[in-house]
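Proteins come first, then strands; the chains are lettered A, B, ... in the order of their sequence lines, and each starts at number 1. Scope of the values below: all heavy atoms of this structure, side chains included, with no hydrogens, waters or symmetry mates. This structure is a prediction, so every number in the text was calculated from the model and none was measured.
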Amino acid sequence: MWIVEKILSNKIMNNNIFLKHLSSPSIFKDKKVLSSSFVPDQILHREQEIESLSKILAPALKGYQPNNIFVYGTVGTGKTITIKFILNQLKEIEKTKIKTIYINCKMKKVADTEYRLFAQLLKEHGVIVPDTGLPTDVLYRKFFDIVEKEEKIVIIVLDEIDALVNKVGDEFLYNLTRMNSELKRSQITIIGITNNLSFRDNLDLRVKSSLGEEEVLFKPYNALQLKDILKKRIEEGFNPGVVDEAVLNKCAAIAAQEHGDARRALDLIRVAAEIAERNGDIRVREEHVDIAEQKLDMDRVIETIKSQPKQSQAVLLAIVNSVCNGVCNNTKTVLTGDVFEAYQKICAKNNINVLTQRRISDLISELDMLGIITSKIISKGRYGRTREITLALSNEVLNKVRLVLQERFES
DNA sequence: AGGTATTCACATGAAACTATTCTCTGAGTTAGG
DNA sequence: TAACTCAGAGAATAGTTTCATGTGAATACCTGT
């Protein structure tokens, strides 16, 4: 503890403003354990899934190509973590003949297009290709050559594969699976992870048959299982006695309600603890969890809004303005047409070029997907068919959103 | 009254376009031998 | 003659526009009673 030494040796003034933060005992023992991306050395309540996955992948150890796998399960059911865990175990036994690659297809600017996916795959093999300029099939060739040269069994994990397929189609999956028949000395196995249970149904038949050779379903955790998982993480992540049973129960219960999302439970407890620590409390209490729940919600919304492009923000402001001004007399809903009008006004005031209504329509449905607004299509008979838009935000969040938006626009 | 046709106000889809960033290639230019 | 420069052709990508087509049900319009 070099800081303590420094303090003792009086190298730091004893009125330094940071001193009081140092002296308060830390709640955390090892904070990274509480992050949802942490892979623990033991995964609870996934014994069955681990068993079947390892059975499928075991042939790799004997030099055969394992079947391709589809992994399903809603958010926070431990899909990613389990796969990572299994890959780690696999590598522990056999490093020379097996190569594992994990790629998250949703990562912006990393693997969200076919080109970038292959660029990423190449990068994993130590080949850097330019971001643009090359035809995609060149990357495809390069990847093929490298894999062939390596003489390994390559296990490629494509997390959130549905996002990529929705964006660019399933052609690349077909190409990847087809590679195997052309590869002589190496083989590729694909593990596709998705939280969209019906994803497989709208795949090309060829892809469906070759990729869906094996399927593993991850069921949501129930409250008891969540509690176990949390408990273990708490033991590792916090100093003893910091979190009591009631808090644990509460987090598990909230997460269980949200379709057994373990990530949610972890976020809750971590943020609750951060809040407690900042307040100078040495224990995490239930009210901290309440605040954490709100804060998580708020942060999520604000973050997504801030990261939206300007036009999208303008559209959101148009929605917020129209809803708050009660365009549709005192109801809290607005229609696409109202939004477009309000949007045009905002553009005029801010000197932004006005996009077509067609585009605005898309931007509105994007905001819907992000969960910032709720919209449903209604038919008003003779008076047309349109979207009925409602803000999906609590008043508190809404006010914050307004502040953020008004910072960016004159309105 | 009951049935059918219209009509509105957008939704939704597909394709094409724009602008930006970047590679590759080959022609032209330059400097050194 | 090798090395360098530079313009032009192509690609990838994101964000849009243009054009075309779809659509649910309140109303207008008929029809036969």
Any residue meeting side chain to side chain donor-acceptor pair (under 3.5 Å) with A/Lys108, in chain and number order, not counting sequence neighbours: none
Applied to residues 242-263 of chain A, the salt bridge (charged side-chain N to carboxylate O under 4.0 Å, His left out) test, sequence neighbours excluded, yields A/Lys227-A/Glu245, A/Asp244-A/Arg283, A/Lys250-A/Asp290, A/Glu258-A/Arg264
Using a distance-only test with no angle check, is there a side-chain donor-acceptor pair under 3.5 angstrom linking A/Tyr64 and A/Gln187? no
List in chain and number order the residues that pass side chain to side chain donor-acceptor pair (under 3.5 Å) with A/Thr374, two or more places apart in sequence or in another chain; answer none if no residue qualifies. none
Salt bridge (charged side-chain N to carboxylate O under 4.0 Å, His left out) partners of residues 203-215 of chain A, not counting sequence neighbours, each pair once: A/Arg200-A/Glu215, A/Asp204-A/Arg206
Please enumerate all protein N or O atoms sitting under 3.5 Å from an N or O of nucleotides 8-11 of chain B, with distances to 0.1 Å.
residue : atom : partner  : partner atom : Å
B/dC8   : O4'  : A/Arg382 : O            : 2.8
B/dC8   : O2   : A/Gly381 : O            : 3.1
B/dC8   : O2   : A/Gly384 : N            : 2.9
B/dA9   : N3   : A/Arg385 : N            : 3.2
B/dC10  : O5'  : A/Gly337 : N            : 3.4
B/dC10  : O4'  : A/Arg385 : O            : 3.4
B/dA11  : OP1  : A/Thr336 : OG1          : 2.7
B/dA11  : OP1  : A/Arg387 : NH1          : 3.1
B/dA11  : OP2  : A/Ser361 : OG           : 2.8

Please name all residues satisfying side chain to side chain donor-acceptor pair (under 3.5 Å) with A/Asp299, sequence neighbours left out, ordered by chain then number. A/Lys295
Only pairs at least two apart or in different chains count here, so list each salt bridge (charged side-chain N to carboxylate O under 4.0 Å, His left out) that has a residue in residues 370-394 of chain A. none
Please confirm whether the ring centroid of A/Phe238 lies under 6.0 Å from the ring centroid of A/Phe28. yes
Side-chain donor-acceptor pair present, A/Asp159, A/Thr80, cut-off under 3.5 Å: yes
Can you list every ring pair (Phe, Tyr, Trp, His ring centres under 6.0 Å) pair that touches residues 168-212 of chain A, not counting sequence neighbours? A/Phe70-A/Phe199
For a quick check of understanding: with a heavy-atom distance under 4.0 Å over all strands, which category does A/Arg116 fall into, base, sugar-phosphate or nothing? sugar-phosphate
What residues from residues 106-113 of chain A pass a heavy-atom cutoff of under 4.0 Å to DNA chain C? A/Asp112, A/Thr113
Earliest and latest nucleotide of DNA chain C, 5' to 3', sitting under 4.0 Å from a non-hydrogen atom of chain A? C/dG10 to C/dA28
Bend angle of the helix from B/dA1-C/dT31 to B/dA31-C/dT1, from helix axes over five pairs at each end, nearest 10°: 20°
NA contact type, A/Lys376, heavy-atom cut-off 4.0 Å: base, sugar-phosphate, or nothing? nothing
Interface polar pairs with nucleotides 22-26 of chain B, N/O, under 3.5 angstrom:
none

